[in-house]
Amino acid sequence: MSFLEKIVQKDVSEGLSPERLRFRFPPEPNGYLHIGHAKAICVSFGLAGEFGGHCNLRFDDTNPAKEEQRFVDSIQEDVKWLGFEWDQLCFASDYFGQLYDWAVQLIRQGDAYVCDLDGEEVRKHRGTLSEPGVDSPFRTRSVEENLELFAGMRSGEFSDGSRTLRAKIDMQSAHIVMRDPVMYRIQRSHHHRTGDDWCLYPTYDWAHGQGDAIEGVTHSLCSLEFRNHRPLYDWFLQKIGLEEVPSQTEFARLNLQFTVMSKRRLRTLVEDGHVDGWDDPRMPTLAGLRRRGVTPEAIRAFMKTIGVSKVNSMIDLTVLENHIRDHLNKMTQRRMAVLDPVKMVIENFPEDLQEMMEAVNNPEDPDAGMRQIPFEREVWIDRDDFRMDPPRKWRRLAPDAEVRLRYGYCVKVKEVITDPDSGEVTEIRCDYDPETSKGRQPEGRKVRGIIHWVPASCAAKLPVTLYSPLFSIENPDDPPEGQEFTDFIDPGSRVETTAFCEPALAQAAGGDRFQFERVGYFHVDPARSSEESPHFVRIAALRDSWAKKEKNS
RNA sequence: UACCCGGUGGUGUAAUUGGCAACACAACUGGUUUUGGUCCAGUCAUUCGAGGUUCGAGUCCUCGCCGGGUAGCCA
């Protein structure tokens, strides 16, 4: 049980009814959701589901300068895609009126004051990490004067940034957040929901806990860096004097190898053209993962296994990949496709014959049925499956070697034709053994190697994009001294090619997923496919224990 | 060194709350297999250090050491 489950379980066992149990996922609508957000979503929505409580989706839209409606829309789409349903759809901006009234209450109580210091001066008065701050000269204003000035701030009498409303706490506090934090700043920017109704906006600290309280949130979960804000979160709630208050608990955000997670860096990737947009299949955004063909089930299973704690950690990319493969293995139909084709001619196979071979669609799913693939005298095979000088334990093609063409016959190499200039293999000529159909082993010989192929006369030549991790180092979010994270973008992370596919693949529709046998999992990219031609993107390669073995030796 | 949080295998999480350190991933062996995929089996830690309390400590106490966070009118 995670530490969060323990907290909730304790509260429930002490009388908190599941009906009242409530969480919230509170994104700021200033960007696209990424896999780090997915962790937060899975944690809060997951806990709600597990204990029979509720979870809201609340937009923390208190800084109109950075927020946009399109992000509100994309975030909702992404949360739904991940597989969660929120109880209430909320906006911090819906609470602006209530927040204002509560601010007036704090002023009346002597717990807040209008400060005329500008940003620079506030910073100077705040002190440093190891030195206490100094009181603002405006700290001792009368309640009446504060009320009047605050009303003036509201009605637009003062210029942007000229005054703030600050909580009156303790400028000597060891917690910097408690040194009279700003509650309101004057900022004339158009809000995507409230328009120009307001020229002052509440800060995160002033809005967040109050929003939680208004919604009846019981458990407000956030990331570790907000731990220092907890005393302030509690202070505001206590000063307002609410009966039932939410409690904040912090947990570590997700860090994943070979990608960046900060909004600033993701924006740089998009704006400087390093990727093809927020939904580039190499991006860790949910939009990118979706286009890549990753399933929401795989993401949820991933989140479940990595768990949640208060320790900053880095998750191996392979963990995510394994979950992606695991789900795809069960759900995708198999097809054959050759990514780097070389011609094979089966000399003793009749020239005008097309023999239909029966292939299993998905060995993991008997209900997926069978399909037919035409077998002919000439087929395409993968260049990787032939070696002129095979290493030890090589099970594929080589001069004089015999392999099985998957779901077809065993063939034995008779002759290898190479380009006289480059030495590159251009054609492999074989004989087949007619007695080896339907998996029958040839007399007295054991053929271990099995390779994939496609018929040459009717192969569908389809565009494929091979994606691999965008970065070449494990932690691009923390690049080595003196270097930029963009220095580590792998130029080979996207490779455009053409695959020679079994004919049926030409009919694949956007959103379809397949396993290309012995190669990997592929998604028909809805963004780049048309009625006439599907465009495949590689979701993940298959595990390749042979490649690993060969590399190690 | 102002305050806050944390430290369990290569990695990430567990441990009936003081009772045989478990699971997954990675790595390495081997087996099954018409995908070198999947699947199956095996190997891989005396819990940051030193003391203390206790029949018994990953868990409680003390002192260290190490890592992370915090000085936006961002969230």
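Throughout, protein chains are lettered first and strands after them, A, B, ... in sequence-line order, and every chain is numbered starting at 1.
Taking atom C1' in both B/U53 and B/C20, the straight-line distance is 22 Å, to the nearest Å. Straight-line distance between the P atoms of B/A50 and B/C66: roughly 16 Å, to the nearest whole Å. For the P atoms, the distance from B/U32 to B/A41 is 15 Å, rounded to whole Å. Using atom P as the reference point in both B/G37 and B/G30, the two lie 14 Å apart (nearest Å). For the P atom pair drawn from B/G10 and B/C65, the interatomic distance equals 24 Å after rounding to whole Å. Only the P atoms considered, B/U43 is 29 Å distant from B/G7, to the nearest whole Å.
The glycosidic torsion of B/U29 lies more than 90° away from 0, which places this base in the anti conformation. Applying the 90° criterion around 0 to the glycosidic angle, B/G6 comes out anti.
A/Phe3 comes within contact range of the sugar-phosphate backbone alone, with a heavy-atom separation under 4.0 Å but no base atom that close. Residue A/Ile315 is in sugar-phosphate contact alone, with no base atom involved, counting any heavy-atom pair closer than 4.0 Å across all strands shown. Within the nucleic acid shown, A/His452 has no heavy atom closer than 4.0 Å to any nucleic acid atom. In this structure, A/Met1 reaches the sugar-phosphate backbone alone: every heavy-atom distance under 4.0 Å involves primed, P, OP1 or OP2 atoms, never a base. Backbone-only contact: A/Arg123 has heavy atoms under 4.0 Å from sugar-phosphate atoms and none from a base. Note on A/Ile306: only backbone sugar-phosphate atoms sit closer than 4.0 angstrom, heavy atoms only; bases stay farther off. Residue A/Phe226 is in base contact, counting any heavy-atom pair closer than 4.0 Å across all strands shown. At a threshold of 4.0 angstrom between heavy atoms, the contacts of A/Trp206 with the nucleic acid are absent. Contacts of A/Lys330 with the nucleic acid, taken as non-hydrogen atoms under 4.0 Å apart, are absent. Within the nucleic acid shown, A/Asn228 comes within 4.0 Å of at least one base atom, counting heavy atoms only. Residue A/Thr164 is in base contact, counting any heavy-atom pair closer than 4.0 Å across all strands shown. Residue A/Val447 is classed as having no contact, given no heavy-atom separation below 4.0 Å to the nucleic acid. Residue contacts shown for A/Pro363 include a base, since a base heavy atom lies under 4.0 Å away. Base engagement by A/Arg406 is indicated by at least one non-hydrogen atom pair under 4.0 Å involving a base atom.
Relative to the side chain of A/Lys548, the nucleotides B/C28, B/G10, B/A2 differ in distance, and B/C28 lies closest. Distance from the side chain of A/Arg334 is smallest to B/G37 among B/C5, B/G37, B/G36. In this structure, the nucleotide among B/A27, B/C73, B/G36 sitting nearest to the side chain of A/Arg395 is B/G36. Considering only the side chain of A/Arg543, B/G37 comes nearest among B/G7, B/G37, B/G36. Considering only the side chain of A/Arg404, B/U34 comes nearest among B/U34, B/U38, B/C5. When distances are taken from the side chain of A/Gln515 to each of B/U70, B/C28, B/U35, the shortest belongs to B/U35. You'll find that the side chain of A/Val319 is closest to B/C25, out of B/C25, B/G36, B/U13. Distance from the side chain of A/Arg126 is smallest for B/C73 among the nucleotides B/C74, B/U17, B/C73. Comparing B/G36, B/C73, B/G37 against the side chain of A/Glu364 picks out B/G37 as the nearest. In the set B/G12, B/G36, B/A75, the nucleotide with an atom closest to the side chain of A/Thr62 is B/A75.
Nucleotide B/A71 holds its P atom 19 Å from the CG atom of A/Leu117, rounded to whole Å. The CG-P distance, from A/Asp382 to B/U35, rounds to 17 Å in whole Å. Atom-to-atom, NZ of A/Lys6 to P of B/A14 comes out at 6 Å; the value is rounded to the nearest Å.
The base of B/U34 does not come close enough to the side chain of A/Arg518 for any donor and acceptor atom to sit less than 3.5 Å apart.
Annotation for A/Asp389: atom CG does not count as buried by contact number, only 12 or fewer foreign heavy atoms lying within 6.0 Å. Within 6.0 Å of atom CD in A/Glu443, 12 or fewer heavy atoms from other residues, nucleotides or ligands are found, so the atom counts as exposed in its surroundings. Heavy-atom neighbours of A/Lys263 NZ from other residues, nucleotides or ligands within 6.0 Å: above the threshold of 12. Annotation for A/Lys310: atom NZ counts as buried by contact number, over 12 foreign heavy atoms lying within 6.0 Å. Atom CZ of A/Arg371 sits in a crowded spot, with more than 12 heavy atoms from other residues, nucleotides or ligands closer than 6.0 Å.
Summarising the base pairing, B/A2 is matched to B/U70 through a Watson-Crick or G-U wobble pair whose two defining distances lie under 3.5 Å. Pairing partner, B/A14: none, since no Watson-Crick or wobble contact has both distances short of 3.5 Å. In a base pair of the Watson-Crick type (N1 to N3 plus N6-O4 or O6-N4) or a G-U wobble (N1-O2 and O6-N3), with each distance short of 3.5 Å, B/C60 is matched with B/G52. The pairing partner recorded for B/G42 is B/C28, the criterion being a Watson-Crick or G-U wobble arrangement whose two distances lie under 3.5 angstrom.
Of the residues listed (A/Trp380, A/Phe375, A/Phe500), the one engaging A/Trp453 in a ring pair (Phe, Tyr, Trp, His ring centres under 6.0 Å) is A/Phe375, and it is the only one.
Side-chain N/O atoms of A/Thr203 and A/Arg185 include no donor and acceptor closer than 3.5 Å. Using modelled atom types and a 3.5 Å distance limit, the side chains of A/His175 and A/Asn228 yield no donor-acceptor pair. Looking only at atom types and distance, the side chain of A/His229 has a donor-acceptor partner in the side chain of A/Asp205 under 3.5 Å away.
The phosphate of B/A26 has OP1 or OP2 within less than 4.0 Å of a side-chain N or O from A/Asn322. Taking 4.0 angstrom as the limit, A/Asn312 places none of its side-chain polar atoms (N or O) nearer than this to OP1 or OP2 of B/C5. Between A/Arg335 and B/U35 there is no side-chain polar atom (N or O) within less than 4.0 angstrom of OP1 or OP2. OP1 or OP2 of B/A2 has not a single side-chain nitrogen or oxygen of A/Thr128 nearer than 4.0 Å. Phosphate contact (OP1/OP2 of B/A75, side-chain N/O of A/Arg58, threshold under 4.0 Å): absent. Side-chain N/O atoms of A/Thr203 include none lying less than 4.0 angstrom from OP1 or OP2 on B/G72. The side chain of A/Lys549 contributes no N or O atom lying less than 4.0 Å from OP1 or OP2 of B/G30.
A salt bridge links A/Asp477 with A/Arg265: the distance from a Lys NZ or Arg NE/NH1/NH2 to an Asp or Glu carboxylate oxygen falls below 4.0 Å.
Checking A/Val308 against A/His208, the closest nucleotide of RNA chain B that is more toward the 5' end is the one next to A/Val308. Of the residues near RNA chain B, A/Thr436 and A/Ser2, the one whose nearest nucleotide (by heavy atom distance) lies more toward the 5' end is A/Ser2.
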